[in-house]
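All figures in this text were calculated on a predicted structure; none of them were measured in a lab.
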Amino acid sequence: MRSFRSTALALALLACACKGGPTPAPAATPPAPPPAEPVRLTVVGTNDFHGWVMPHRATLPDGQKVEEGGAALFASYVARLREDNPGGVLLVDGGDLFQGTLASNLVEGAIVVDVYNLLGYAAVAIGNHEFDYGPVGSEPVARRPDEDPLGALKARVAQAKFPFLSANVREKDGRHPAWLGNDGTTVVTVKGVKVGLLGLTTLSTPQTTNPVNVASLKFQPLADAAREAARSLREQGAEVVVAIAHAGGKCTDLANPRDTSGCERDDGEIYAVVESLPKGAVDAVVAGHTHQPMGHFFGDVPVIETTGLARSFGVVDLFVDPVTHRVLPERTRIQAAIPVCGAVDATRKTCDARVLKDAKDVRLVPATFLGQPVTPDARVQALVAPAEARVEEEQRRPVGVEVQARMPQVYEGESALGNLIADAMREKARADVAVMNAGGIRADLPQGPLTFGKLYEVLPFDNTLAVLELDKDQLLSFLSLAYGGRKGVFAVSGLEVTLGACPGWDRFEGMTWPGNKLPKPKQTYRVAMPDFLLRGGDGVGPLTSKVPRERINLLQGQDLREVLIEYGRAHGNVLKPPALGRVHLTKAEGPCADAKP
């Protein structure tokens with residue numbers, strides 16, 4: 001009993017002491033962790049590479065040598081970007097990887113795919129010139145039943161460690177081509193973010209490659225294909241969607257990416273695609289095809305494009321919210337048309353020989369990017385070296401012809417170079433008339449001894465000489481289609497044409513023979529042209545597809561380069577600039593709408 005009382009008394013005294021004592025402090029609450037930073041994704045875009053694994057080289061008037069672009073130097077820029085954002089760089093291309101250089105064409109684009117594999121491209125869009133090579137081998141079109149018109153492209157697809165994408169290229173029955181191995185989309189994971197990529201191919205492909213090579217395919221509207229592909233990618237869990245489109249536009253002022261007033265809307269496919277998409281469907285676009293600079297926001301969607309030929313690239317930085325897993329559009333940054341230079345003029349900050357050739361006091365200094373010097377990547381150099389050696393051997397090969405004076409490439413007007421090629425075709429084919437499409441001429445013809453390499457730069461496509469027999473009405477219809485298709489000013493030989501000052505479907509106004517003679521209405525005329533036009537390229541298919549076979553002559557597939565060489569040899573081993581005056585422009589009543597670039 002005493003023990004119980006003692007215990008109770010002790011407990012009572014303890015309770016009294018507690019009531020009068022201090023209140024214990026509550027347990028400390030740990031501070032809230034800071035909100036997670038958005039995930040930065042760096043989208044690096046190239047387009048219209050056209051086989052330029054080697055740099056553009058030039059010698060300035062003062063003897064200094066400049067180099068611009070090329071795969072080895074570009075690799076150094078990509079390396080700096082990957083160091084700046086480890087694991088966060090997504091390298092993609094807007095199409096037209098091939099066609100245009102000896103390095104690419106001698107191996108049907110294989111060296112380009114080797115380089116892209118090494119650089120670590122995630123995906124590329126299919127451009128119209130991806131179809132140029134036709135079957136595997138030297139022939140640009142299938143000539144036997146056992147030859148596959150898509151053979152060379154299929155070989156490159158099999159070689160690539162990255163997918164070729166086009167959501168709007170379909171078989172005739174509407175299915176996605178099985179040989180592509182995808183539905184025009186792919187999903188990759190970058191820094192833990194699921195990124196969906198969709199590809200698009202210009203609707204002009206059947207007119208801007210050899211039409212027979214794509215006869216088994218159809219090209220669906222870009223906007224419809226993009227909407228369907230973006231929806232599918234989101235359903236697959238893509239948190240970010242990037243379109244890589246071989247379709248572009250042109251924005252002349254890159255100073256303010258939010259100002260699109262300088263973007264030329266005439267016939268730019270990419271505008272309609274972006275503006276037709278539901279808000280949030282696509283987070284960025286890497287464009288191509290038009291070889292024109294873009295670095296602008298259309299709504300919240302950034303669109304980048306360069307002039308191509310490996311001279312520059314574009315960058316879009318996207319920031320993904322770690323909670324909502326959506327892009328924060330207000331954080332998006334664009335760097336448009338970043339030049340690829342190893343050395344630049346200290347004042348002008350460029351290595352573009354086209355700018356520096358007329359400049360005074362050029363002082364070349366090493367180029368830097370993201371605070372570090374850029375030098376050609378040794379691995380890429382080693383990969384490209386055998387192709388470069390083979391190309392240099394071909395380029396130096398003389399063809400036995402002297403060019404009397406430099407003849408520049410001109411797309412939107414009459415040119416001596418175009419006239420010269422048309423004259424050569426007409427003479428070789430013993431034709432009444434010759435027509436040469438402006439897009440088939442890709443470089444200036446320099447003065448001096450002509451080498452095969454220089455000639456190849458002028459005429460890189462493996463086009464051959466063809467002849468159609470057309471009556472007067474058919475000839476007029478052909479010319480109307482040629483000049484009305486916004487494909488530049490075609491060169492002519494054996495006739496003169498009158499055009500409206502402004503490009504448009506009704507630009508062609510008439511033709512005469514030299515000396516202002518009118519064509520005889522019932523006579524049939526032999527019209528020489530590249531086989532590209534015969535097969536319906538550049539929009540003349542509505543006429544050429546209806547010509548009876550007996551009025552078509554492919555002249556044993558005579559290469560246009562050889563036709564021009566033979567013409568020079570037959571004229572004293574000299575190529576002289578023909579006089580202008582075959583294309584007459586009427587005076588415009590007002591300002592022209594923007595022409596297609």
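- For K454, the NZ atom counts as loosely surrounded, since its 6.0 Å shell holds 12 or fewer non-hydrogen atoms of other residues, nucleotides or ligands.
- The number of heavy-atom neighbours closer than 6.0 Å to CZ of R363, taken from other residues, nucleotides and ligands shown, is 12 or below.
- A donor-acceptor pair under 3.5 Å is absent between the side-chain atoms of T209 and the main chain of P206, judged by distance alone.
- The environment of W179 atom CH2 is dense: over 12 non-hydrogen atoms of other residues, nucleotides or ligands sit within 6.0 angstrom.
- Proximity of R258 to F297: side-chain heavy atoms (C-beta onward) are separated by under 4.5 Å at one or more points.
- When every heavy atom of G537 is checked against every heavy atom of P211, the shortest pair comes out as N-CG, 3.7 Å.
- For the pair V458 and Q409, the minimum side-chain heavy-atom distance is 4.5 Å or more.
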key: Criterion side-chain contact (heavy atoms from CB on, under 4.5 Å) on V344 and T350, from CA distance to verdict   = CA-CA 5 Å; V344 297; T350 183; 5.8 Å; no
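- Between F313 and F74, the ring centre distance stays below 6.0 Å.
- Interatomic distance, CG of L97 versus CZ of R156, reported as 11.0 Å (0.5 Å rounding).
- Side-chain contact between V316 and V242 is absent, with no heavy-atom pair separated by less than 4.5 Å.
- Counting only heavy atoms from C-beta outward, the side chains of N168 and P221 never approach each other to under 4.5 Å.
- Distance CZ/F532 to OG1/T208: 6.5 Å, rounded to 0.5 Å.
- A284 and L318 make their closest contact through CB-CD1, 4.3 Å (heavy atoms, listed as atom of the first residue, atom of the second, distance).
- At least one donor-acceptor pair closer than 3.5 Å links the side chain of N85 to the backbone N or O of R40.
- Screening L90, D317, V240 against L41 for a side-chain contact (heavy atoms from CB on, under 4.5 Å) leaves a single residue, V240.
- Using a 4.5 Å heavy-atom threshold, the side chains of D345 and Q64 count as separate.
- Side chain of T205 to backbone of T202: a donor-acceptor contact under 3.5 angstrom is found.
- Closest approach of V113 and A160 over heavy atoms only: CG1-CA, 3.6 Å.
- Taking the six-membered ring where tryptophan is involved, the planes of Y116 and F162 are tilted, since the angle between them lies from 30° to 60°.
- Taking the six-membered ring for Trp and the full ring otherwise, Y133 and F131 have centroids separated by 6.0 Å or more.
- Put simply, the side chain of H296 gets close to the backbone of D253: a donor and an acceptor are under 3.5 Å apart.
- Just one residue in the list N182, T201, T185 forms a side chain to side chain donor-acceptor pair (under 3.5 Å) with S166, and that residue is T201.
- Closest non-hydrogen pair, I111 versus V384, comes out as CD1-CA, 4.4 Å.
- Interatomic distance, K161 NZ to D114 CG, rounded to the nearest 0.5 Å: 9.0 Å.
- Annotation for C263 and Y271: closest pair CB-OH, 3.8 Å, computed over non-hydrogen atoms.
- With a 6.0 Å radius and a threshold of 12 heavy atoms from other residues, nucleotides or ligands, K218 has its NZ atom above the threshold.
- To the nearest 0.5 angstrom, T186 atom OG1 is 9.0 Å from D183 atom CG.
- Of all heavy-atom pairs between V115 and A71, the closest is CG1-CB, 3.5 Å.
- Ion pairing between a basic and an acidic side chain is recognised when a charged N comes within 4.0 Å of a carboxylate O; E239 and K194 show no such pairing.
- The pair R231-E228 does not count as a salt bridge, with every side-chain nitrogen at least 4.0 angstrom from each carboxylate oxygen.
- In this structure the side chain of W52 never reaches within 4.5 angstrom of the side chain of R311, judged on heavy atoms.
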key: Residue pair V374, T368: steps toward the side-chain contact (heavy atoms from CB on, under 4.5 Å) verdict   = CA-CA 6 Å; V374 284; T368 60; over 6 Å; no
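- Annotation: side chain of K487 is in contact with side chain of S204 (closest heavy-atom distance under 4.5 Å).
- Judged by distance alone, the side chain of E394 and the main-chain N or O of V391 form no donor-acceptor pair under 3.5 Å.
- Under the salt bridge (charged side-chain N to carboxylate O under 4.0 Å, His left out) criterion, R326 pairs with no residue at all, not counting sequence neighbours.
- Taken to the nearest 0.5 Å, the CZ atom of R170 stands 13.5 Å off from the NZ atom of K172.
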inquiry  = Using the rule given for side chain to side chain donor-acceptor pair (under 3.5 Å), can you reason through E264 versus Q292, listing the C-alpha separation, both sets of side-chain angles and the distance that settles it, and then say yes or no?
reply    = CA-CA 10 Å; E264 300 179 5; Q292 299 294 339; over 6 Å; no
task = Quick one: do D93 and T46 satisfy side chain to side chain donor-acceptor pair (under 3.5 Å)? Show the steps, please.
result = CA-CA 5 Å; D93 189 278; T46 55; 2.5 Å; yes
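- Electrostatic pairing of R331 and D283 does not count as a salt bridge here, judged by no charged N lying under 4.0 Å from a carboxylate O.
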ask   = Yes or no on side-chain contact (heavy atoms from CB on, under 4.5 Å) for H291 and L309, after CA distance, side-chain angles and deciding distance?
value = CA-CA 9 Å; H291 292 240; L309 308 185; 4.2 Å; yes
inquiry  = If you apply the rule side-chain contact (heavy atoms from CB on, under 4.5 Å), what do you find for S104 with V53, and how did you get there?
reply    = CA-CA 8 Å; S104 176; V53 294; over 6 Å; no
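- Two residues are said to be in side-chain contact when any heavy atoms from C-beta on lie closer than 4.5 Å; T290 and E269 fail this criterion.
- Put simply, CG on D48 and CG on D96 are 5.0 Å apart, with the number rounded to the nearest 0.5 Å.
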